[in-house]
2 protein chains.
Amino acid sequence: MRHVAALAGVGVKTVSRVINGEPNVSAATIAKVTAAARTLDYQPDLHAGNLRRADGRTRTIGLLVGSVDNPFSGAVHRAVEDAALARGVAVFASSLDDDPAREQEAVSAFLRRRVDGLILTTISESQAYLAPELRRGTPVVFVDREPAGVASDTVVSDNLEGAAVATRHLLERGHRRLAYLGDRAEIRTAQARRRGFLDELGLAGIATRDIPVIENLHDIETARLAALALLERDDPPTAIFSAQNLVTIGVLHALRESGLQHAIALVGFDDVPLADLLEPGVTVVAQNPQEIGRIAAERVFARLDGDAGPAVRTVVPTRLIERGSGEIPPRERG
Amino acid sequence: MRHVAALAGVGVKTVSRVINGEPNVSAATIAKVTAAARTLDYQPDLHAGNLRRADGRTRTIGLLVGSVDNPFSGAVHRAVEDAALARGVAVFASSLDDDPAREQEAVSAFLRRRVDGLILTTISESQAYLAPELRRGTPVVFVDREPAGVASDTVVSDNLEGAAVATRHLLERGHRRLAYLGDRAEIRTAQARRRGFLDELGLAGIATRDIPVIENLHDIETARLAALALLERDDPPTAIFSAQNLVTIGVLHALRESGLQHAIALVGFDDVPLADLLEPGVTVVAQNPQEIGRIAAERVFARLDGDAGPAVRTVVPTRLIERGSGEIPPRERG
DNA sequence: CTGAAAGCGCTAACAA
DNA sequence: TTGTTAGCGCTTTCAG
C-alpha cells in the first residue's frame, strides 16, 4: 500500500479511501491511485485492515457439514455459498465425519481465523464450549442437528414428523412387519427419526418389541451388510424405513443383491441421487437442504446485521415423494 | 493476549512463546499462562500473527470447483480437505458455475484473504492474470482443466484417452451410428473429450460429418431436452457417448422417458451416483476425483515446502466400468 | 529463561 | 479533499 501511495504520489490514507470506495476523493486522484495499484498488482490485505477496522469483520464464515462429499451437505453448502457470495463473504468448509474431535478442531480452526459467524453440524454431547464465543457476539447457527447445552439459532428438518409420515405411508399400505435402519444412536436427529417411526407403530397398535431397530449404521457398506442380514432372517420385514441417505443406498444395494427390490417396500429419509431412475423408483421423505442452507445463512447475516432477538428454531418441512418402492404391498408371510 | 499476560503476570512475548510451543520457557510459566488463557477463553488471532510472522503463512488455501454440490467436485474437495487438515490448513471453497466472472471474483477473494495456495478449476479464456501472483511465489494448481496463458502445476484426467476408450468400446460392439452429447464447447476439457471421440471414429473409418455432436449442455435439463430431440430424429443413434456427469444424467432421463434405456447404448464420461443400481447399469469411463484432489493438494504443499521445479502436469488415468448400458448391441435400422 | 521495543498492512481519528 | 499519527494483536529482534 505504501508503494502504491508512493507511486501515485499521495498518502496511504488516500489509497485506503480509493480502495474502499470512500467518498471525498477527487476523480483525478482516484484515477492515479487505481493506475498505480494496477501497475503494482496491488491486492489489499483484508486481514490487516480487520485488525483496526471498527466492525472487526473478516467477511468470512465457517461451515461445518457432515461431509463435503455427501449430497445433502453439498446442497446445504451451495445454498450457504450463494447467500455468502451475495454479501462478499467467503466460506470455510469442513467435514465433521461424526467425530467429536473433528467438531472441536474445526470450530477452533474457524475461531482462530476470526470468522464472523459459524454454521455447524455437530456430534459432541454438548456445545456448551461455544458459550463464551456466543457471549462475545459471534453468531452460531446449528444445522441439521439440535445443539445441547447452549441456545442459538437452529435450522432442522421436521425429523419426527417426516419419519412418522414415512411410517404411516407403509402402515396404510398394510405393512405390519416393518424394520428401522438408522444412523448413529447418539445423534439427536437420528433419535427423532427413530422416535417418529416407533411412535407411529405404537399408535397403530403394533408391538414394537418385535420390530427390528438397527442403529449405528454410518456408511453405505455397514448399512448394506445390516440390511442383508436382516433380509436373511427367518421372518424378514415386508417394509423397511431407512433413516438416512447413505443407509438408504446401502439398503438399495442389499435389496438388489437379494433380488427383493420389487418385493419389499422401502421408504428412505432424505432424498437420494437418481432415486427416480431406479427400478422401482425410491420413495423418500425428502428434506430440503437448499432451504436449510439458505435459512441458516440468512440467520447468520441477520445476527451480524444486529438482530439480537432470542434464539430462533426453524423447522423445515419434509415432503413425501412416492416413486414406487414405498408403494409395494406387503407380501404374504412365506 | 495482553490480558492473558497481565493475568499470568508475565510479558506478552512469554505468552506468545507458550501459545506457539516455543522452547525456553519454564514449566511453571507454561502452567500459569495456560491457566490464564483458559480463564479468559483466549483464542490466538492467526491473522494478526501473520502480519509479522517470517513465513507470512495464513495456513489457508482456496479451492475453486465446478460446484460444491456436484459429486465430482465434492470428491475432489473432500480429498483436498483431508490433505489440508493433516497440515492444519483450512480450505476456502467456492463454486465456479462455469462463469468467468465468478472465477475472477473467487480468485480475488482468495487473494485478498492471503491464502497460501490456490487449487483452481477455471473457465476464463486465459489465466494470465495469475502471473504476478505466481511470480510472488503463491502456488497455483489447476484441476480438471488445463490453464492457458500461464504455466503451473496441473492435475487432469486423461480426457482424450478416456473418451477414446469409451468410443472404442461402442465401436467394438458394432455401433456405427454414434452421437456425442457434451459440455460447453469452450471448455478445453470438453474439447479433449470431443476430440477423443471424433478421432476414434475417424480411425474406424466413420464419416464424422453425419455424427451428431451436440455441445453446450450445461445441466441435467438441457441435456435431457437435447437427448429427447436426438432420439426423435428419423435416424436416431444406436449409441450415445455423454461426456460429463450431469449430461449423462440428463440422457438417462431422456432414455427412460422414451423407453429406450435397453435399446440404445450409453457410455458416460465421469461416474454417476448409483450408476450400478440402475437398470441397465450405467457404463462409464470413471474419473478418479479423490486422486485428483489428493495430488492437487500434494502439489500445493510441495510448493509451499520449497519445491521450485518446473510446472508438473499430472494425468490421472480413467477407468472403463462396464455395467450394462455400454454393452447394448446396435439395433437394426428400423 | 524472560521482557521491551519496533513494526507487519491497514484503518480510525483528527488535523490541515 | 488530503495527510499524519496512533494502534489493531501479534512476532521479530535484541537486550537483559
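Every chain is numbered from 1 and lettered A, B, ... according to where its sequence line falls, protein lines coming before strand lines. Heavy atoms only: backbone and side chains are in, while hydrogens, waters and symmetry mates are out.
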(request) Would you mind classifying the nucleic acid contact of B:Val12 as base, sugar-phosphate or nothing, using non-hydrogen atoms under 4.0 angstrom? (result) nothing
(message) What is the separation between atom CE on B:Met1 and atom C1' on C:dG3, rounded to the nearest whole Å?
(response) 12 Å
(request) Look at the side-chain N and O atoms of A:Asn20 and state whether any lies under 4.0 Å from the OP1 or OP2 oxygen of C:dT11. (result) yes
(request) For A:Asp55 and D:dC8, give me the distance from atom CG to atom C1', rounded to whole Å. (result) 13 Å
(message) Just by distance, no angles: are the side chains of A:Arg112 and A:Ser108 close enough, under 3.5 Å, to form a donor-acceptor pair?
(response) yes
(message) Can you measure A:Ile19 atom CD1 to C:dC10 atom C1' for me and round it to whole angstrom units?
(response) 11 Å
(message) How many whole angstroms separate atom CZ of B:Arg2 from atom C1' of D:dC8?
(response) 9 Å
(request) Establish, with yes or no, whether the OP1 or OP2 oxygen of D:dG9 is under 4.0 angstrom from a side-chain nitrogen or oxygen of B:Arg53. (result) no
(message) Is there a side-chain contact between A:Ser26 and the phosphate of D:dT2, meaning an N or O under 4.0 Å from OP1 or OP2?
(response) yes
(message) Between P on D:dG3 and NZ on A:Lys13, what's the gap in Å once rounded to a whole number?
(response) 12 Å
(message) Please determine whether a side-chain nitrogen or oxygen atom of B:Thr14 lies at a distance below 4.0 Å from atom OP1 or OP2 of C:dT2.
(response) no
(message) Taking the nucleotide of DNA chain C with the nearest heavy atom to each, does B:Ala48 or B:Ile30 sit closer to the 5' end?
(response) B:Ile30
(request) Between A:Pro23 and A:Gly49, name the one whose nearest nucleotide on DNA chain D is closer to the 5' end. (result) A:Pro23
(request) Could you tell me whether the phosphate oxygens of C:dT2, OP1 or OP2, come under 4.0 Å of any side-chain nitrogen or oxygen in B:Thr29? (result) yes
(message) Does either side chain, that of B:Thr122 or that of B:Glu103, offer a donor lying less than 3.5 Å from an acceptor on the other one?
(response) no
(request) Using whole Å, report how far CG of B:Asp45 lies from P of C:dG9. (result) 16 Å
(request) Pick base, sugar-phosphate or nothing for A:Asn24, based on heavy-atom distances below 4.0 Å to the nucleic acid. (result) base
(message) Taking the nucleotide of DNA chain C with the nearest heavy atom to each, does B:Arg114 or B:Gly9 sit closer to the 5' end?
(response) B:Gly9
(message) Quick test of your reading of the model: are B:Arg294 and B:Asp82 salt-bridged, counting only N-O distances below 4.0 Å?
(response) no
(message) What's the closest nucleotide to the side chain of A:Arg52 if the choices are D:dG9, D:dT12, C:dC10?
(response) C:dC10
(message) Can you tell me whether the side chain of B:Arg17 and the base of C:dG3 have a donor-acceptor pair closer than 3.5 Å?
(response) yes
(request) Grab the CG-P distance between B:Asn50 and C:dC10 for me, whole Å please. (result) 14 Å
(message) Counting only side-chain nitrogens and oxygens, does A:Ser16 get under 4.0 Å of the OP1 or OP2 atom of C:dC10?
(response) no
(message) Nearest whole Å is fine: how far is C:dC10 P from B:His47 NE2?
(response) 15 Å
(message) Regarding A:Thr60 and A:Arg113, do their side chains bring together a donor and an acceptor under 3.5 Å, going by distance alone?
(response) no
